[in-house]
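Structure first, then comments.
Numbers restart at 1 for each chain; the letters A, B, ... are given by sequence-line order, proteins then strands.
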Number of protein chains: 2
Amino acid sequence: MLNYSTSEENYIKAIYHLQQQDGNVTTNELAAELKAKPASITDMMKKLKAKKLLHYEPYQGFSLSNEGKKVALGIIRRHRLWEYFLAEKLKFTWDEVHEVAEHLEHVSSKKLIDKLDEFLGFPRVDPHGDPIPDQDGKIETSRQVCLLDLPFNKAAVVSHVSDQSTEILELLKHKNIVIGTKLEVKKKFSFDNSMEVKAGRQPVFTISEQLAKNIFVKYGA
Amino acid sequence: MLNYSTSEENYIKAIYHLQQQDGNVTTNELAAELKAKPASITDMMKKLKAKKLLHYEPYQGFSLSNEGKKVALGIIRRHRLWEYFLAEKLKFTWDEVHEVAEHLEHVSSKKLIDKLDEFLGFPRVDPHGDPIPDQDGKIETSRQVCLLDLPFNKAAVVSHVSDQSTEILELLKHKNIVIGTKLEVKKKFSFDNSMEVKAGRQPVFTISEQLAKNIFVKYGA
DNA sequence: AAATATTTTTAGACAAATCTAAATTATTAT
DNA sequence: ATAATAATTTAGATTTGTCTAAAAATATTT
């Protein structure tokens with residue numbers, strides 16, 4: 001495995017996360033994610049294509065190659081192991097770990113990470129509940145959880161609905177939700193446990209606690 | 001405390017180490033230390049001077065300002081805490097820790113480092129026996145050790161000689177060693193525990209086990 | 001399907017960090 | 001003290017990663 005610059009790694013990681021949701025990633029999407037200008041994205045896409053880390057044809061969007069996915073999973077492994085370390089050993093709170101891990105993840109010694117993994121007792125999920133890839137880049141994909149428990153901004157696919165009543169189906173139909181619909185939780189309100197959810201590029205809409213209780217979703221890395 | 005680039009940090013750290021020995025550091029010395037070309041050194045010295053991290057006049061060499069020293073001690077603190085972590089917790093051997101710590105030291109979250117320090121139990125020296133600066137940049141300077149125990153390439157000053165015989169003085173005089181002489185151990189031979197030592201810019205010379213046993217030195221960071 | 005709007009790419013500029021080669025300053029040796 | 005040598009700096013080029021503004025391609029609307 002070659003070494004990549006911090007910049008390259010950040011692009012690869014961002015593409016990985018975006019393509020979990022959309023399959024094919026666009027220039028503007030990635031620019032928004034990385035808070036960079038579209039022109040910068042195009043520049044880097046050419047570079048990453050030349051390194052065979054992604055598939056890219058001008059104007060057609062892009063997606064990681066198998067090699068690119070392997071690199072991404074390595075970065076995610078480092079990130080999540082550091083998050084676990086920070087929370088578990090250094091007693092950071094869950095909302096503090098991400099930023100520091102963003103920096104630690106770019107220290108790319110394989111030995112360091114494998115020894116850290118061992119030291120931590122081979123944890124399977126990070127403090128946010130996201131699965132940690134193993135040495136070979138294998139990751140526990142598709143974890144089914146109740147929509148109530150889905151972390152924010154985590155793309156997930158509706159995989160199961162508990163209640164089979166016509167009433168719930170009427171509601172789901174009205175909200176355009178079927179098995180296979182991609183969702184992302186944007187906000188939760190503790191007052192009534194309702195949540196705001198986004199499906200694809202539709203505007204955000206609200207789901208009540210009673211409804212969320214009955215929806216189960218699968219999500220990956 | 002502002003943030004500095006990885007490059008800037010590496011220059012600052014190298015100057016700090018060199019000036020422990022020589023006081024004033026020259027362009028070529030630093031170029032050799034960093035494996036860079038002299039022209040690159042000059043460029044960076046201008047930048048660091050502009051940031052008030054060092055004293056520098058063209059052709060006159062340079063040395064860290066108080067602010068520069070504070071920055072250097074912060075980097076050294078991070079480096080040595082990570083070395084301790086790697087050796088103590090991840091079971092790296094003492095010769096493996098340095099390279100990885102070279103990368104980890106540039107992650108500059110103060111909270112991370114202070115929590116790491118606490119997690120490690122506030123260790124006072126790293127696996128090489130070098131003292132670890134505290135939160136305020138205070139470092140245990142001047143540790144007196146037997147020359148036999150002085151680490152390689154660690155500039156030290158002769159502070160005490162046990163034996164008072166005329167024989168040892170004759171030998172010391174011949175080798176030009178007095179209290180205050182700066183030394184650095186370059187090689188040790190397990191066959192007879194003799195060592196090769198450098199004093200200033202004189203050529204390397206040999207000291208026997210019997211002699212080294214009787215020489216004590218003080219050294220800093 | 002033409003006009004308009006949006007997205008993406010290209011062209012050219014810039015800052016950081018490095019280099020080479022040439023010019024300058026300092027040091028050393030005769 | 002002057003010439004030769006060594007050290008240092010300057011000038012200009014290169015690479016990486018970013019940007020702005022303009023051009024080109026695609027998508028949308030009427």
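OP1 or OP2 of C:dT18 has at least one side-chain nitrogen or oxygen of B:S7 nearer than 4.0 Å. For the OP1/OP2 pair of D:dG17 and a distance below 4.0 Å, the side-chain nitrogens and oxygens of A:S5 include at least one atom meeting the criterion. The phosphate of C:dT9 (OP1 or OP2) has a side-chain N or O of A:T27 nearer than 4.0 angstrom. Between A:Y56 and C:dT9 there is a side-chain N or O to OP1 or OP2 distance below 4.0 Å. A close approach under 4.0 Å does not occur between any side-chain nitrogen or oxygen of B:T42 and OP1 or OP2 of D:dT8. In terms of phosphate contacts, B:S40 brings a side-chain nitrogen or oxygen within less than 4.0 Å of OP1 or OP2 of C:dC19.
Each of B:K47 and B:K37 has a nearest nucleotide on DNA chain C; the 5'-most of these lies closest to B:K47. The 5' end of DNA chain D is approached more closely, in terms of each residue's nearest nucleotide, by A:P38 than by the other of A:P38 and A:P58.
Looking at A:K91, its side chain does come within 3.5 Å of a backbone N or O of A:E88 through a donor-acceptor pair. Here the side chain of B:E29 pairs a donor or acceptor atom with the backbone of B:T26 at under 3.5 angstrom.
Counting only heavy atoms from C-beta on, B:Y59 has its side chain closest to C:dT24 among C:dT24, D:dT10, D:dG17. Checking C:dC19, C:dT10, D:dT18 against every side-chain atom of A:Y11, the shortest atom distance belongs to D:dT18. Here the side chain of B:A39 is nearest to one of D:dA11, C:dA11, C:dT8, namely D:dA11. Distance from the side chain of A:N28 is smallest for C:dT8 among the nucleotides C:dT8, D:dT26, C:dA17. Taking only side-chain atoms of A:D43, from C-beta outward, the nucleotide of D:dG17, C:dT8, C:dT10 with the closest atom is C:dT10.
Rounding to whole angstrom units, CD1 of residue A:I41 and C1' of D:dG17 are separated by 11 Å. As a whole-Å value, the separation of A:Y4 OH from D:dG17 P is 13 Å. Whole-Å rounding puts the B:E8 CD to C:dA15 C1' distance at 12 Å. B:L34 has its CG atom 12 Å from the C1' atom of C:dT18, to the nearest Å. Following rounding to the nearest Å, A:N10 (CG) and D:dG17 (P) show an atom-to-atom distance of 11 Å. Between the CG atom of B:L30 and the C1' atom of D:dT9 there is a distance of 15 Å, given to the nearest Å. Rounded to whole Å, atom P of D:dT10 lies 16 Å from atom CE of B:M44. Between A:K35 atom NZ and D:dT18 atom P there is a gap of 15 Å when expressed in whole angstrom units.
Using a cut-off of 4.0 Å between Lys/Arg side-chain N and Asp/Glu carboxylate O, A:E105 and A:R80 are scored as not salt-bridged. Between B:K186 and B:E184, at least one side-chain N (NZ, or NE/NH1/NH2) sits under 4.0 Å from a carboxylate O, which counts as a salt bridge. Salt bridge B:R77/B:D114: present, at least one basic N to carboxylate O contact under 4.0 Å.
With hydrogens and angles left out, the side-chain atoms of A:H98 and A:H79 include a donor and acceptor closer than 3.5 Å.
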